[in-house]
Each structure stands twice: as C-alpha cells, then as structure tokens.
Amino acid sequence: MEITLKKLTKIFSEKDAEVRAVDNLDITIPSGKLIGLLGPSGCGKSTTLYMIAGLLQPTEGEIFFGDEDVTKTPPEKRGIGLVFQNYALYPHMTVKQNILFPLENMKMPKDEALKKAQYYADLVGIGNLMGRKPKQLSGGQQQRVAIARALVKEPRVLLLDEPLSNLDARLRLQTREEIRRIQKETGITTIFVTHDQEEAMSISDNIVVMKLGLMQQTGQPQHVYDDPDNLFVAKFLGTPPINLFNGSIKDNQLYIGDEAILPFKAKDQDVTIGIRPEGFDVKKDGKLSIEVASIEHLGRDISIIAKHPNFDGHTLRGIVDADTEVPNSGVIKVNIRPNKCFVFNKETEERMK
Amino acid sequence: MVESKNNLKAWLYLAPALILMAIFIFYPLFNTILIAFKEKYNYMTGEFTQFGFGNFAFIFRNQIFWRTVSNTFFIVFVSVPISIMLSLLIAVGLNSIKPLQKVFQTIFFLPYVTNTIAIGMVFAVMFNQSYGLINTIIGWLGLDNAINWVGYGAGWGRAMTVLLIYSVWEALPFKILIFLSGLQGIDKQYYQAAQIDSTPRVRVFTRITVPLLSPMIAYVAVTSFIGAFKEYTSVVALFGLDTSIRDKGIGTIVWFLYRSLSDPRVGEGSAGWAAAAALFLFVIILIFTFINLYISKKRVHY
C-alpha cells in the first residue's frame, strides 16, 4: 500500500502559542517498503505517525492510502497496525489473548483466529510464550507480542513508534534485524519512528529526516548519508559524527585556516566544512595539518583524536585503516577525500555543490 | 543492643495509638464477645447467671431478629450491586465528557458531604403521602398519587423500595470518586490500541476498562458490603421513630442491636441480646469479606 502525505500539517494550539508540530509534509512512501522517520525529539515524527494512524487529526493536508483519501477516516477503518512505544499490551490478558483480541473484534471464527495468532506468534518468535502475561516477559518479548498483535489482523500498513527505545543495547540490535526480517517476510508497508540514526539507517529502505516539523531530506539511507542536503542532515547522520570546520572559499579553493584542501568552484566567502571521520587519508605530503591528541586502536581501524584551531565541535575524530602508521602525538598531514567532504553555506546551512 | 533500644523507641511511638485503640476498640470488642455469652447480664449491676448460649438462643427464637437479618441481606444484595454498577457507568460517563466535568463531579459528590440524617429527612419529605414530590409527579402522570411510601401503615414493600433507592443514591458519590480516579489512572494507549483494532464500545468496557479497574472494584465491593451490612442511619433517617420502623418491619441488624440496648428488660439481659446480635453480624461480615477477598484474588488483575 503506497502512502502519500500531501501538505500534511499539524498545529497544536496552546494557551497563547501555536506549535507547528508538522509543517507541510510531502512524502510518498512506496508500497512494501520499510521507512524510517528520523529526527531529534520534538521534530514531529511521532505526530506524523499518529496522523497516519488516525489517532491525531491533521490541521491541514491529506493522507492517501493508495488512491483512497483516508484523511477523515477513523483509525479503526484505516486497516493499520500500530505498535506503541511502550507496547500497550493489555496487562490482564495472556500473550495469546492479546494477539487474539483484534481478531475477536473482527468476529473471525475461533479456530481460524487461533491458527492465525499462532502463525504470527511463531513468526515473531514468541510462539512458546502464549500462556504468559505481559509482566512475565522481557522487554524484547513484549515488543514482539506487540508486533504480533499489530500484524495478526493483516493490516495494510504497519506503524511502529520508537519500537526499540525501551530495549537494552544488545536486544536493540537483535530486534531491529528481527523487524527487518518480519517486514521482508510479510511484505507489509512499514513506517517506524526513531531518533536513533544508526537504527534508521541499518534497516530502512528509505529514511525521512525531520527537524522542527519540517522534512529535511528523504531517500535511501546511504544516499542521504553520502549526499546530505544541509548541515542538519549531515550532522544528524553518522557515528562518529561529522567533523565541522570553519573554512572559507578563496580563488575557487577550499581553505581550512591557511591551508587549501580541495578545489571548489564558488565565489569567495566563509563556509562551514564538514568532513566525515572516514574522509581523512594520512599522507606525508597531505594538505591539512592536524595535531594528534591521542590514538585509539579499534582492531579493524584506528581512531585518531586530533586538534585543529578551526575545528568547531566536540571531538575531532578521524578513522583510518588499521595498517596506517600514525604517531601518538605531534602534527600530521592528511588529505581529504572529496566525496567525504561537504561544504555548507554559513547563513542558510544549505549544502553548496 | 541497638536493636532493643530501637524497639523500645518504636513501642513508645506506637503507644498513644495503641493505648487509645486498646481502650476504645480492643477492650469493647473483647467485652462484647464476653457479654454475648453472659446469660441474663445486667449492665447496670454487672451481674449475670452463667456463661452459655442463652442470648443466642433468645435472638434466634426472636421473629423480629430474623426479620432484621433478612432485611439486612436484602439491602446488601440489592443495593450494593446496583450502586456499584450505576457508579461505574456514571464514572465512565463523567470520564469521557470534557465540558462541565468538574461541575458534574461536584454535583455527584454533594451527597457525600451532606449529613445522612438531613438527606434522609429530605427523602422522607419527598416520599410524603400528601405533599411529597414523588407523589406529585405520579399525579402528573395521571396515576393514583395517594401512595403511602413512608408513613404509618405503608407496608414493608414500599418502605423497602424507598430505603433501597435512598441507600443506592447515598452510596454513589464515594464509589464514583474512586472509580473516576481509577479511570484516570488507566493509560490512554490501551484505548488507542483498542480503537485501532476496531473494538466495539461495549467490549472496550467489559474487556479493558473493567479488568483494569478491577482493583478499585474489589476495594469498593468489600467496603460497601461491610457498610451495607451495618446499615442503620438511613433507616432511622427515613422512617424516624422506633414504632414507625417496627410498624413496617424494616429494621436492620444494627437497628435490632440498638433496640435491644434500649429495651427496658435490663434485668433479663437485654444487653446480652445486643451483644449476641453484634457478634452474629461480626461473623457474617467476616465470612463475606473472606468470600469477597477470595473472589477478588481470582478475578482482580493488579
């Protein structure tokens, strides 16, 4: 089911202030894909999800499921499955009763419902826990029950609100693979909300980056990472984060301090330069000098913690191959890979190409 | 060493409460049990003939006593379930309306802060045969409006009807308050989840609201069963004097207890009958509370 959001806007009016939680959102979500709505808290991603679910009414704009305008359709008629952030499993029902609950509402014959419940319970890997109460399950298991409950009525769209935020680090890794697998097996159009960029990038077919209710960029995760439209997107994606420098353009050359690092065709001005950690090549005749503060050997590669007077951020970090020779301290020379280096307008923070 | 010192301190802190409870609760309780077995006990002189079951034999042979027992059970098993269901529905209704919620809450809570006797008298006036509001309304409907509800010769049926209406109405506010606070503690997401799964309203109520509210329902059930077994003030408030209550046969166990205490046959041990009736009531309440707790254990989801 292809989902189209047209100029979707949600305004929350408080006493004397209006908050544009979602502002003129235009997104098309292709059928059968897994989409990550990504952004820091307060960016309107959950609001968007709840509008798609129908639990919130948009102030303006329209929502289409395929060709069908569902903007005014109540949630129970939209054919969606929603997994809440804290799962909202009915605490007084067993896992089985929880999963059966939507089917009982549909008045499905008992044995067919049971078969279906068991199928989806097995699919998410909790088929042996049917008799337990939610309280007797771990966070990850509750999560799976919630997904099974959402899937069992075979919705047109599956919505997940911060599905992994209540899990510990290891479970999170495992569960996100699980979500991916389940989505692939069922082929259901899935939208999930997260503030964790790694999570979004690792399992999404497409990501939508949002900030303060506005869509910043959308596309395949790798594409967005490699080709950010603005400073926010560049900063938000990637761990370790991108390194930002106060730089300038002079005579079609990109300068950090006095050192010209790359050619760049634009008129002379001050700019913000972002370099991904993996964008550094240690070379004797490199164009940029940085002062090494410390070295971390991470096995597969080396992490260089460095200093530079024009660096604008917390930690300047470069990641290079493990067989690179890097001194523990002192000034080293590095070259910058052009495809890992982005230039942003100082005022608008838009990407300059 | 430290522990025993602390123990002493703890006892010291507990002492005021313990002393008061000993004087006003434990001693009377114990004494009541004792008196119940003292035959022909005269509370003026403290004399009694022997320990035995004479008092119980007396009340169990007494027609009026059994009348009060059946009245009490009738009130308990009719008014408590009705008032619980009504208050649950009102609380759910109140919880789902936005405008004027506070106003309605206040209105529903008013009976709770008003004196029982005063309200009882208002009810008595409302149900008065010749100028009561109820008969007036019945008159408007074109029906015979000379119904004697609460006066002399009204009969058990009518009197009990008024008493039940009164006790249900009087019991509502506290229950509504408890249920409302319980409802407000239920996570909204359960309802959103139910909505997305297109759960019919009745099912939302029976499968989600009631189970999630079950601890409150159990609490209310236990306390109001106990309260209803001890029903007394409403009877007095509605029907007033002893003769009027006896005339309709509408007394409750506690009413029997008070009546025995004020019985002029002190020398024959009327206090002992009262004590025996009190003990009887105590045992019944105990049994029912255990049954209640046993059922709650199976049906309540904490």
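Quick note on labels: first sequence line is chain A, next is B, and so on, each numbered from 1. These numbers come from the heavy atoms of this one structure, side chains and all, not from hydrogens, waters or symmetry mates.
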With chain A as the partner, which of B/Ile208, B/Asp187, B/Leu212 has the greatest number of non-hydrogen pairs under 4.5 Å? B/Ile208

Return yes when atom CZ of B/Phe30 has more than 12 non-hydrogen atoms of other residues, nucleotides or ligands closer than 6.0 Å, and no otherwise. no

Using only non-hydrogen atoms and a strict under-4.5 angstrom cutoff, which residues of residues 72-88 of chain A touch chain B? A/Pro75, A/Glu76, A/Ile80, A/Leu82, A/Phe84, A/Asn86, A/Ala88

Mind checking whether B/Ile176 and B/Leu94 have side chains closer than 4.5 Å, heavy atoms only? yes

Crowded around A/Phe64 CZ? As in, over 12 foreign heavy atoms under 6.0 Å? yes

Filtered by a 4.5 Å non-hydrogen cutoff, the part of residues 103-122 of chain A contacting chain B is A/Glu104, A/Asn105

Minimum heavy-atom separation for B/Ile119 to B/Pro111, with atom names? CD1-O, 3.7 Å

Side chains of A/Ser46 and A/Asp161 only: does a donor on one sit below 3.5 Å from an acceptor on the other? yes

Under the 6.0 Å and 45° cation-pi test, does A/Arg149 pair with A/Tyr90? yes

Parallel, tilted or perpendicular: which one describes the rings of B/Phe229 and B/Phe288, with boundaries at 30° and 60°? tilted

Are there more than 12 heavy atoms of other residues, nucleotides or ligands under 6.0 Å from atom CG of A/Asp67? no

Please test B/Phe174 against B/Phe109 for ring pair (Phe, Tyr, Trp, His ring centres under 6.0 Å), starting from the C-alpha separation and ending with a verdict. CA-CA 7 Å; B/Phe174 181 65; B/Phe109 203 60; 8.1 Å; no

Heavy-atom distances under 4.5 Å only: say whether A/Phe101 touches chain B with side chain, backbone, both or neither. both

Parallel, tilted or perpendicular: rings of B/Phe123 and B/Trp169 (30°, 60°): tilted

